[in-house]
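All values below were derived from every heavy atom in this structure, side-chain atoms included, with hydrogens, water molecules and symmetry-related copies excluded. Letters A, B, ... mirror the listed sequences (proteins, then strands); counts begin at 1.
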2 protein chains.
Amino acid sequence: MSAPTTTQPVFATKRQRMTPETRRARILDAAQGLFLERGWDAVTIADVLDVAGISKGGFYHHFAAKEDLLDGVVERFTNEALSSAETAHAAATGDALTRFNAFLADTSRWKAEQAPQLKFFLDAMLRPGNDVLFTRITNASNTAAKPVLQGMIAQGISEGCFDVPDLTLVTETILAFSGGRRTAIERAIRAAEADDLDGGVDILTSRMVAEGALIDRLLGLPQGSIALCNSSEYRLMLRAIAQDGPPDRRIDDQSPP
Amino acid sequence: MSAPTTTQPVFATKRQRMTPETRRARILDAAQGLFLERGWDAVTIADVLDVAGISKGGFYHHFAAKEDLLDGVVERFTNEALSSAETAHAAATGDALTRFNAFLADTSRWKAEQAPQLKFFLDAMLRPGNDVLFTRITNASNTAAKPVLQGMIAQGISEGCFDVPDLTLVTETILAFSGGRRTAIERAIRAAEADDLDGGVDILTSRMVAEGALIDRLLGLPQGSIALCNSSEYRLMLRAIAQDGPPDRRIDDQSPP
DNA sequence: CCAAGTTACAGACCGACGGTCGGTATGTAG
DNA sequence: CTACATACCGACCGTCGGTCTGTAACTTGG
């Protein structure tokens, strides 16, 4: 009868107190990594707990539910996208077309210095079964970026250089391009990984040229007004990605260690 | 000690045998209704079992996993969309533009005789939390319809009346319109329900007019070539929907009966 | 018409996972 | 030092997807 009915917990490890923001950020870091790596439903709370080094009680003190993790992660990406769009918007000068062009070029730029992050991110996005995360991030980012883009187009209209049948629809259509870019990027990376770097660059280039041409039409601009292709950047980035070797594409690896 | 260790099941009710196809269809019916009503993750296998009137063993005899239900439901919608697109394609005659116009008009038509079904479907689609189902159906339908649409555009190009920078991208862009239509439809229905039928019709009309104008541009056609708006149909349908009273929008109703 | 085999089904059971709860350590204000 | 707030712990629980053993209904060969 030495064992009590209700077990009294004994804490072996020293407690580690952190400020709520820090703790939240740590947990979010862990969650984000796991989500990108394995996909939303394949990640359990226990996994996050493990990586974040916190207990269940601690977790639920900072988050109300597993869904909150997704919201938090998505919010991060959204804020990033939004601030990047806003700074690009603020940096642009000149007439509406010039500014719009600069804006597009900046937001769709592949910054060479962040190849590893981009590789990791793309890799995660292209992994099958990650649709939920991808969709949510894309939607949230587009929603956040929409007012900025729409504002620029509206200004172009008021300046008389854009001619558009329906402001909202045109904005949404341009935004929708980013969603479809996924497949092009995927094909390009596959080509680059298969030692066809130029092929990959071509895929990306023609896609972006086509997008530019369509935006011309959508905005009622003469052909060639919009250009958001930069093949040298594509080349740099694709090489960096391909050199890292093909990613680990297995998804249901349950083999014992 | 009269109770055996392993309970021997006793079947009270008469067994009801059905052909596999029928049973599958019945289960799919139940699942589809529940999915539309409550959303994918809010529906449990037990719910489906209940509505379909079958046991777990029976269910797993016909379906390998819960995911299979989604696939099955999505496949139904896809097939419907595909066959509708193909018949519309086959029915169209004349030059490429005429046929394309007829095709678009037919596939985007609101058939007045199926107001109840459409109401139920839209209602489900617009309900918050149904994004998964909506996304999957939209994606699958678009994927299925894409070859048909792309074929028509390609023919228009070869006939010399369409001028397009990138066939794939243009096709996808036109297809993407259907996704964004959701918000317009939602606003229109809300207006109609708020006794502003004309306002609702206007919303729909202007949206479709704008889509037509944009398709003109995408295909390199003179303004006004494409017209996929039919306000009288919108009026009929919106009235039918609004008269049925506002839908039941609660989502987390756990109140006991 | 019956025995043997196959298929459609029933329901007890299981493990995993999301979430709760009573309790414990670590501050901080008065 | 006391009182209160809060960060955190981990045993526990309910639910849900999925498995398994067993049974009734249909089919077929003799």
Side-chain angles (χ1 to χ4, degrees), chain A residues 3-28 30-31 34-35 38-72 129 132 252 254 256, chain B residues 3-28 30-31 34-35 38-72 129 132 252 254 256:
Chain A
T5 340
T6 47
T7 319
Q8 299 297 345
V10 176
F11 302 122
T13 56
K14 262 260 150 72
R15 282 284 176 79
Q16 275 229 76
R17 263 181 107 93
M18 302 176 61
T19 71
E21 297 77 35
T22 315
R23 184 56 91 186
R24 248 191 89 94
R26 290 289 174 84
I27 298 176
L28 241 33
L34 287 168
F35 288 164
R38 303 184 202 165
W40 163 251
D41 4 78
V43 174
T44 72
I45 298 278
D47 293 333
V48 179
L49 264 36
D50 225 34
V51 175
I54 198 179
S55 74
K56 223 164 200 189
F59 171 80
Y60 277 100
H61 181 72
H62 295 285
F63 293 87
K66 194 192 175 190
E67 274 280 330
D68 274 19
L69 279 178
L70 229 194
D71 292 340
V132 206
D252 278 306
Q254 308 269 43
Chain B
T5 340
T6 47
T7 320
Q8 299 297 344
V10 175
F11 302 120
T13 56
K14 263 258 148 73
R15 282 284 177 77
Q16 275 228 76
R17 265 180 106 95
M18 304 176 61
T19 71
E21 297 77 33
T22 315
R23 184 56 90 185
R24 246 191 91 93
R26 290 290 173 86
I27 297 177
L28 241 34
L34 286 168
F35 288 164
R38 303 184 202 164
W40 162 251
D41 5 76
V43 174
T44 71
I45 299 279
D47 293 332
V48 179
L49 264 38
D50 225 35
V51 175
I54 198 179
S55 74
K56 226 162 196 190
F59 171 80
Y60 277 100
H61 181 72
H62 295 284
F63 293 87
K66 194 193 173 190
E67 275 280 329
D68 273 19
L69 279 178
L70 228 194
D71 292 341
V132 205
D252 278 305
Q254 309 269 44

Open item on the list: What contact category does B:V48 fall into here, base, sugar-phosphate, or nothing, at under 4.0 angstrom with non-hydrogen atoms?
Closed with: nothing
Task: Closest heavy-atom pair and its distance - B:V51, B:A30 - done: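 Between these two residues, the closest heavy atoms are CG1-CB, 3.6 Å.
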Task: Between the first and last five pairs of the helix from C:dC1-D:dG30 to C:dG30-D:dC1, the angle of the axes, rounded to 10 degrees - done: 10°
Open item on the list: Would you say A:R23 places a side-chain N or O within less than 4.0 Å of OP1 or OP2 belonging to D:dC8?
Closed with: yes
Open item on the list: Would you say A:H62 places a side-chain N or O within less than 4.0 Å of OP1 or OP2 belonging to D:dT6?
Closed with: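 Checking D:dT6 against A:H62, no side-chain N or O comes under 4.0 Å of OP1 or OP2.
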Starting at [atom1] of [X] and ending at [atom2] of [N], how long is that distance when rounded to a whole Å?
X	N	atom1	atom2	answer
A:E67	C:dC17	CD	C1'	15 Å
A:H61	D:dC9	NE2	C1'	12 Å
A:Y60	D:dA11	OH	P	17 Å
A:I27	D:dC9	CD1	P	9 Å
B:W40	D:dG17	CH2	C1'	10 Å
A:R17	D:dA7	CZ	P	6 Å
B:F63	D:dT19	CZ	P	15 Å
A:D41	D:dG17	CG	P	13 Å

Open item on the list: Which residues pass the salt bridge (Lys or Arg N to Asp or Glu O under 4.0 Å) test with B:D71, not counting sequence neighbours?
Closed with: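 B:D71 satisfies salt bridge (Lys or Arg N to Asp or Glu O under 4.0 Å) with B:R136 only.
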Open item on the list: Can you list, in residue-number order, the parts of residues 50-58 of chain B that come under 4.0 Å of DNA chain C, counting heavy atoms only?
Closed with: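 Within this stretch, B:I54, B:S55, B:K56, B:G57, B:G58 sit under 4.0 Å of the strand.
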Open item on the list: Among C:dT20, D:dC8, D:dT19, which nucleotide has an atom closest to any side-chain atom of A:M18?
Closed with: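 The closest nucleotide is D:dC8.
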Open item on the list: Of the options C:dG18, C:dT7, D:dT19, whose atoms approach the side-chain atoms of A:K66 most closely?
Closed with: C:dG18
List the atom pairs, with distances to 0.1 Å, where a side-chain N or O of residues 56-68 of chain A and a protein N or O form a donor-acceptor pair under 3.5 Å, not counting sequence neighbours.
from  : atom 1 : to    : atom 2 : distance (Å)
A:K66 : NZ     : A:W40 : O      : 3.4
A:K66 : NZ     : A:V43 : O      : 2.8
A:D68 : OD2    : A:A64 : N      : 3.2

Open item on the list: Test of understanding: with side chain to side chain donor-acceptor pair (under 3.5 Å), list the residues that count as partners of B:S55, not counting sequence neighbours.
Closed with: none
TODO: For the residue pair A:R38 and A:D47, establish whether any side-chain heavy-atom pair is separated by less than 4.5 Å.
DONE: yes
TODO: Flag the pair B:L69 / B:I27 as yes when at least one side-chain heavy-atom distance between them is below 4.5 Å, and no otherwise.
DONE: yes
TODO: Kindly write out the residues that satisfy side chain to side chain contact (heavy atoms under 4.5 Å, CB included) with A:D50, not counting sequence neighbours, or none if the list is empty.
DONE: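 So A:D50 forms no side chain to side chain contact (heavy atoms under 4.5 Å, CB included) with any residue.
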